[in-house]
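For reference, the structure is listed below as structure tokens.
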Amino acid sequence: MVATSNRPIPCIQAFLVADEYNSASPLKARLPPRCVVDVSLIRHWLRFCETNHKETCGTPPWFSPSATLPEHFRVIDVQNSSVVVAPENCRYCALSYVWGQNKIFQTTRDNIGEVAKPGGLLNVPVPLSQCVLDAINLVKAMGERYLWVDALCILQGDADDLKSQIGHMDIIYTKAIVTFVSAEGSSSKVGLPGVWPHLRALPQVTEEVEEGLRLALLLEPGRSLPESVWNSRAWT
């Protein structure tokens, strides 16, 4: 909506797109793949950001360069399917999601010894939620190794660990190289749309104006976020 001195004038945002989706030109307008995310494009965006403007958008203005991760900060080693203490200068992804009312596996003081072993997350009594499994697979596909998920990386029910880790939540998310946001659905049973086999639907209106010239309406996923269950979390 564009406002003038007299009255608002409705406007529609549209852009020119190529005939077909092509991730080889990531900065040109294109239609996104409708079913599965293009992981190679995510990798490209990440490399581009880190190479060209990390100092500009890598950290928010309120973040202190001297801020450190909490003691005993843990991450999921997606290669070994285990929960480990993060190595020095750990490069990790993070997941922001909704637990929901369903029963999910949680790391505790009692089971940390088991899940810390190679393959430990493959033998848990309660299966990992689909959202977490999808995030693990996405991290693998991106060629990264470590993932932070609160239910698995914080010792649930341990007052000292909860206080330490939750007190550094802003630092944990800020230091992640990328955060996956699961804003779909109301529980972790819902997988990440676009990560196989959870196909996504992206209704996008397009119109071919003439041969080789196509217009598309801009997708605005941010419009649905304020009403999502994810947006009601204590931290996002």
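Because the structure is predicted, anything quoted here is derived from the model rather than measured. Counting from 1, the numbers follow the sequence of the chain as shown. Basis for what follows: all heavy atoms, side chains included, without hydrogens, waters or symmetry-related copies.
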Indicate yes or no: at least one non-hydrogen side-chain atom of [X] is less than 4.5 angstrom from one of [Y].
X	Y	value
Ile171	Thr68	no
Phe105	Pro127	no
Glu144	Val178	no
Val98	Ser182	no
Lys140	Leu147	no
Asp77	Tyr146	yes

Exercise for the section: Verify side chain to side chain contact (heavy atoms under 4.5 Å, CB included) between Leu69 and Tyr92, making sure each step is shown before the conclusion. Expected result: CA-CA 12 Å; Leu69 291 166; Tyr92 65 94; 3.6 Å; yes

From [X] atom [atom1] to [Y] atom [atom2], the distance as rounded to the nearest 0.5 Å:
X	Y	atom1	atom2	answer
His44	Ile42	NE2	CD1	12.5 Å
Cys49	Ile177	SG	CD1	10.5 Å
Leu128	Leu121	CG	CG	5.5 Å
Asp134	Phe180	CG	CZ	11.0 Å
Tyr173	Trp148	OH	CH2	4.5 Å
Asn102	Ser129	CG	OG	7.5 Å

Practice task
Answer yes or no: are there more than 12 heavy-atom neighbours, outside Lys163 itself, under 6.0 Å from its atom NZ?
Solution key: no

Exercise for the section: State whether the number of non-hydrogen atoms from other residues, nucleotides or ligands found under 6.0 Å of His168 atom NE2 is greater than 12. Expected result: yes

Please determine whether residues [X] and [Y] belong to a single hydrophobic cluster, defined as Ile, Leu, Val, Met, Phe, Trp and Tyr linked transitively by side-chain heavy-atom distances below 4.5 Å.
X	Y	value
Leu162	Phe73	yes
Ile172	Ile166	yes
Met169	Val75	yes
Val190	Val126	no

Check: [Y] main-chain N/O paired with [X] side-chain donor or acceptor under 3.5 Å:
X	Y	result
Ser187	Lys189	yes
Gln156	Asp150	yes
Ser82	Pro118	no
Arg43	Ala141	yes
Gln165	Glu71	yes
Asp161	Leu155	yes
Asn111	Gln106	yes

